[in-house]
Amino acid sequence: MDRLHGKRLSPSFVPGCGDTHRGRRFSSRTGNAMNVFDRSMKRKQKNWAASLPDPEQYDYLRDEVGCRIADRVFDVARTFSLALDVGCGRSHIAQHLNKEVVEKMFMVDVTENALKQSREGDIPTHRVLADEEFLPFKENSFDLVVSSLSLHWINDLPGALRQMQYVLKPDGVFIGAMLGGETLYELRCSLQLAELEREGGFGPHVSPYTSVTDLGNLLGQAGFNMLTVDIDDIQVYYPGMFEVMNDLQGMGESNCAWNRKSILHRDTMLAAAAIYKEMYGSEDGSVPATFQILYMIGWKPHESQAKPAQRGSAMLSFGDLGKINQPYSTDGSKKK
């Protein structure tokens, strides 16, 4: 697990890169999209966050994950002529890339203010204002598609993955990251316990996230192959619960689920802050907020890609594997 101190605690990275609302599950039936999030509200939240006088103070998590996405792009031994960044924000991935890897990049975001403030880098970019759920590009357009910390707000995640696979050229690669189901479990549990104590019940205050067990299936259903899915936990330390919530708002990451509870009473909030510090507080008085990052890589099929051997074509059985290291006798036969 990586640890990151929030902006109020002088940011520094440490080396070494249960409830009913935790997971978000999808049906395998095509076209059965869920309507969990108020996309209009999310657009307003992101635009408000991007219009703050100091939005860079809230970019520490996005910049860190964007850097890790860029590392995965560098690991692919090729140069991409044209790339697409879905949910680019303020250029959190592009700023870590160079022309030797990506020659040109299209940057798509639903937030106009974020696009206006996107940072210039080494790569020529073209900004496009569009919804991540409806990509305005033709089939087989891009060699690379990337996305960082944007897909967890998509209602039709299977459909969005299919669209990204659609715009990729054959043998193109999708590399993405999104928040997973264990994200902000400390905040979720503290709020629920406080509400149960003060109000006799609780409502969802933290948005539902996709489970890692679903992600591989979703990528496969979207038409990707040679899949890779891995998990990374990043902990950010804050002075207290209210600073956690303030930074989430500054990131544009406030809850926008349709069933969100709009009001939290003052007594409940104070109780939740006390529970948070009591259950999860560190010796120095700070509290952690855990962000579970799900990384995914998928390739669009192409005839040049490696394919599994036909069933029954193996020359060695699993039963023979244990005999490989057995010593040989002088006549060449294996000793028993």
Side-chain angles (χ1 to χ4, degrees), residues 6-8 21-22 24 33-66 85-93 107-119 127-135 147-157 160 176-181 183-188 190-191 203-210 234 236 238 241-264 269 272 289-294:
K7 59 185 179 64
R8 293 174 179 78
H21 302 287
R22 177 173 296 174
R24 176 175 60 168
M34 299 182 69
N35 187 19
V36 178
F37 304 116
D38 183 347
R39 291 288 295 172
S40 176
M41 174 61 68
K42 179 49 57 183
R43 185 180 299 108
K44 293 176 182 177
Q45 291 174 352
K46 287 187 172 183
N47 264 316
W48 178 87
S51 66
L52 293 173
D54 53 353
E56 66 280 353
Q57 293 193 35
Y58 304 98
D59 283 344
Y60 49 87
L61 181 65
R62 295 184 188 278
D63 285 342
E64 174 65 13
V65 177
D85 186 352
V86 179
C88 63
R90 291 176 4 98
S91 312
H92 304 289
I93 299 177
M107 301 172 61
V108 173
D109 201 278
V110 71
T111 311
E112 183 177 2
N113 289 341
L115 285 174
K116 289 179 179 178
Q117 296 187 25
S118 57
R119 291 160 285 189
R127 300 170 180 81
V128 179
L129 181 64
D131 195 321
E132 298 96 330
E133 294 189 359
F134 306 99
L135 298 179
S147 180
S148 179
L149 301 189
S150 173
L151 297 179
H152 56 277
W153 294 119
I154 298 294
N155 279 313
D156 185 10
L157 182 56
M178 63 187 298
L179 295 179
T183 296
L184 297 174
Y185 70 88
E186 303 97 341
L187 178 61
R188 180 191 299 113
S190 299
L191 288 171
H205 297 288
V206 177
S207 295
Y209 298 109
T210 301
I234 298 178
V236 188
Y238 299 88
M241 187 193 77
F242 294 108
E243 286 77 13
V244 175
M245 300 178 72
N246 180 76
D247 273 26
L248 290 174
Q249 189 177 28
M251 295 177 191
E253 291 294 318
S254 299
N255 190 359
C256 71
W258 287 106
N259 65 343
R260 65 188 181 277
K261 188 175 180 179
S262 58
I263 298 176
L264 271 172
M269 291 287 288
T290 300
F291 297 88
Q292 184 185 59
I293 314 297
L294 309 183

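Side-chain atoms are counted along with the backbone in the values below, which use heavy atoms only and exclude waters and symmetry mates. Please read all numbers here as calculations on a predicted model, not as lab measurements.
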Legend entry - Audit row: W153, E132, side chain to side chain contact (heavy atoms under 4.5 Å, CB included) steps and yes/no: CA-CA 9 Å; W153 294 119; E132 298 96 330; over 6 Å; no
Inset, instruction - Test side chain to side chain contact (heavy atoms under 4.5 Å, CB included) on M269 and M241 and set out the steps. - result: CA-CA 9 Å; M269 291 287 288; M241 187 193 77; 4.2 Å; yes
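- Nearest approach of I154 to A160, heavy atoms of both residues: CG2-CB, 4.0 Å.
- With R127 contributing its side chain and L115 its backbone, the two residues share a donor-acceptor pair below 3.5 Å.
- Closest approach of R62 to M251, counting heavy atoms only: NH2-O, 3.0 Å.
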Inset, instruction - With side chain to side chain contact (heavy atoms under 4.5 Å, CB included) as the test, would you mind laying out the steps for L248 and L184 before giving the verdict? - result: CA-CA 10 Å; L248 290 174; L184 297 174; 3.8 Å; yes
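- The OG atom of S118 sits 11.5 Å away from the CG atom of N113 when rounded to the nearest 0.5 Å.
- Side-chain contact of D54 with Q57: a donor-acceptor pair under 3.5 Å is present, judged by distance alone.
- Between E253 and K42 there is no salt bridge, since none of the side-chain N atoms of the basic residue sits less than 4.0 Å from a carboxylate O of the acidic one.
- To the nearest 0.5 Å, the span separating CG on L52 from OH on Y58 amounts to 6.0 Å.
- Residues meeting the side-chain hydrogen bond (donor to acceptor under 3.5 Å, both in side chains) test with T111, sequence neighbours left out: D109.
- Minimum interatomic distance between G250 and A49 (heavy atoms only, all atoms of both residues): O-CB, 3.3 Å.
- For the atom pair E112 CD and Q117 CD, the distance stands at 11.0 Å (nearest 0.5 Å).
- The minimum heavy-atom distance linking E133 with N155 is given by the pair OE2-N, 2.7 Å.
- Between Q292 and T183, the shortest heavy-atom distance links the atoms N-OG1, 3.1 Å.
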Inset, instruction - In sequence, state the C-alpha distance, the side-chain angles, and the governing distance for L179 and I293, and then conclude on side chain to side chain contact (heavy atoms under 4.5 Å, CB included). - result: CA-CA 5 Å; L179 295 179; I293 314 297; 3.6 Å; yes
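- R119 and E56 are not joined by a salt bridge, as no carboxylate oxygen comes within less than 4.0 angstrom of a charged side-chain nitrogen.
- When only modelled atom types and interatomic distance are considered, N246 and Y238 share no side-chain donor-acceptor pair under 3.5 Å.
- Using a 3.5 Å distance cut-off with no hydrogens or angles, the side chains of Q249 and S254 do not pair a donor with an acceptor.
- Here the closest heavy-atom approach between residue S150 and residue S147 is recorded as CB-OG, 4.1 Å.
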